[in-house]
Amino acid sequence: MKNIPENSLIARLSRSKKLRRGTGALLFTLLVVLCAVAATLLADDIESRHAFSLDLSFNEQTVQSTVTNSMLSKLDKDVHVYMLTSGTSEYDTLYNEDDTLRTLLERYSAKSTRFTYSQERLIDNPTLASRYSDAFGQVQVSNDCLIVYCL
Amino acid sequence: MLSILKREIQGYIYTPTGYVFLGVFLLLSGVCYAILNLAARSSNMLYTLEYMGYLWMLLCPVLVMRLFAGEQYRHTDKLLSSSPLPITAIVLGKFFAACIVMLCSVAVSFVYPLLTAVYGKLYLAETLAAYTGFVLQGIAFIAMDLFISTLSHNQFTAAISCIGVNLFFWLADLVSEAFGSALIERIFTFISLYRRSSDFSMGRISFSNCVFYIVFTIVMLFLCVRILDGRRWHES
């Protein structure tokens, strides 16, 4: 800093009270926004891991019975469920398939570490259907199917 | 804060803004109720509340546009910025005033489930879950529109900007389709207020969605405070 002349632009900017305060305020704002995003991501993660949601629907669509919970806790093999959807876009995948079913699978995976699921669009992964159609013989796997795969 | 709250509540009572908000809200929510419940002979309030959520997008700007943009238009913002009140108290006072008017309209809308309960079978728990999401959405929209109101110098500019931004945040996940990038899709889906409301519309209270709405509201109020604080400092 000793080599910078006192009247140069950099020296004047470094002395500028407005610039220092503005930079500080901007950094502080960015920090708060980042903390907020982190908190929300953490909440999303906690919910998907521990199924932190309260189902008050009249038929309790996504509530598991004690039998289901007991079966999930006793799983001795890894189970993966492919949820095949017919949507051609992310929007279709999000809204046109059964949201309740997805929530139910999410809750199953939260209850047992051996249970996992993934959503697959046949348009993105066409070999998946043919692979399991061959494996099941007579059964034709198509859109809007669930494939339960025990590893 | 209480003095600002009282002043703004009086503002809603002595000017047509509050009545216009309440009247249009009840008219449009009544139309939703008539179509989805009365005409369809259904006691399911979830769809009605889901459609009523769209009303916040259009009506919250009406409620909020005068709070800061109106002050700037009338040049009374100078009085506020030179007052000894902390900026946070001013923002919170105005925010809570708008929330109180909104909650009054929500309270009046309880007449719909009440009518359903009298003439049919109402599932109270799921209706309350949907109402929770409905109120959280309204509060988030008010906070966001309040922030936009601080950026505008004219009430009508504020209202139009608010409607545009509300529409964007409501349908952000649809906009993401245009970009074709997985990261952008993820970001837009994350901030989409519509996506966040879908669980409530099925009678589920989701922890992460509640956290999102609360954090979103706090961030928007914080941004309001930063804008006004910067303006006060600049003027001084």
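Below, read A as the first sequence line, B as the second, and so on, with proteins coming before strands; counting in each chain starts at 1. Source: prediction; values computed, not measured. The analysis underlying the following values was restricted to heavy atoms, covering all of them including side chains, and did not include hydrogens, waters or symmetry mates.
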Enquirer: Counting only non-hydrogen atoms closer than 4.5 Å, does B:Leu223 touch chain A with its backbone (N, CA, C, O), its side chain (CB onward), both, or neither?
Expert: side chain

Enquirer: Would one find more than 12 heavy atoms of other residues, nucleotides or ligands at under 6.0 Å from atom CZ of B:Phe110?
Expert: yes

Enquirer: With a 4.5 Å cut-off on side-chain heavy atoms, are B:Phe216 and A:Thr40 touching?
Expert: no

Enquirer: Heavy atoms only: give me the nearest A:Glu47-B:Asn209 pair and the separation to one decimal.
Expert: OE1-N, 4.5 Å

Enquirer: Is there side-chain contact between A:Asp44 and B:Phe212, with at least one heavy-atom pair below 4.5 Å?
Expert: no

Enquirer: Evaluate whether atom OH of B:Tyr47 has more than 12 neighbouring non-hydrogen atoms of other residues, nucleotides or ligands under 6.0 angstrom away.
Expert: no

Enquirer: Please classify the contact of B:Phe222 with chain A as side chain, backbone, both or neither, using a heavy-atom distance under 4.5 Å.
Expert: side chain

Enquirer: Using every non-hydrogen atom in the two residues, find where B:Val211 and A:Ala39 come nearest and quote the distance to one decimal.
Expert: CG1-O, 4.3 Å

Enquirer: Surrounding OH of A:Tyr82 (heavy atoms of other residues, nucleotides or ligands, distance under 6.0 Å), is the total greater than 12?
Expert: yes

Enquirer: Name the region of B:Phe207, side chain, backbone, both or neither, that has any atom closer than 4.5 Å to a heavy atom of chain A.
Expert: both

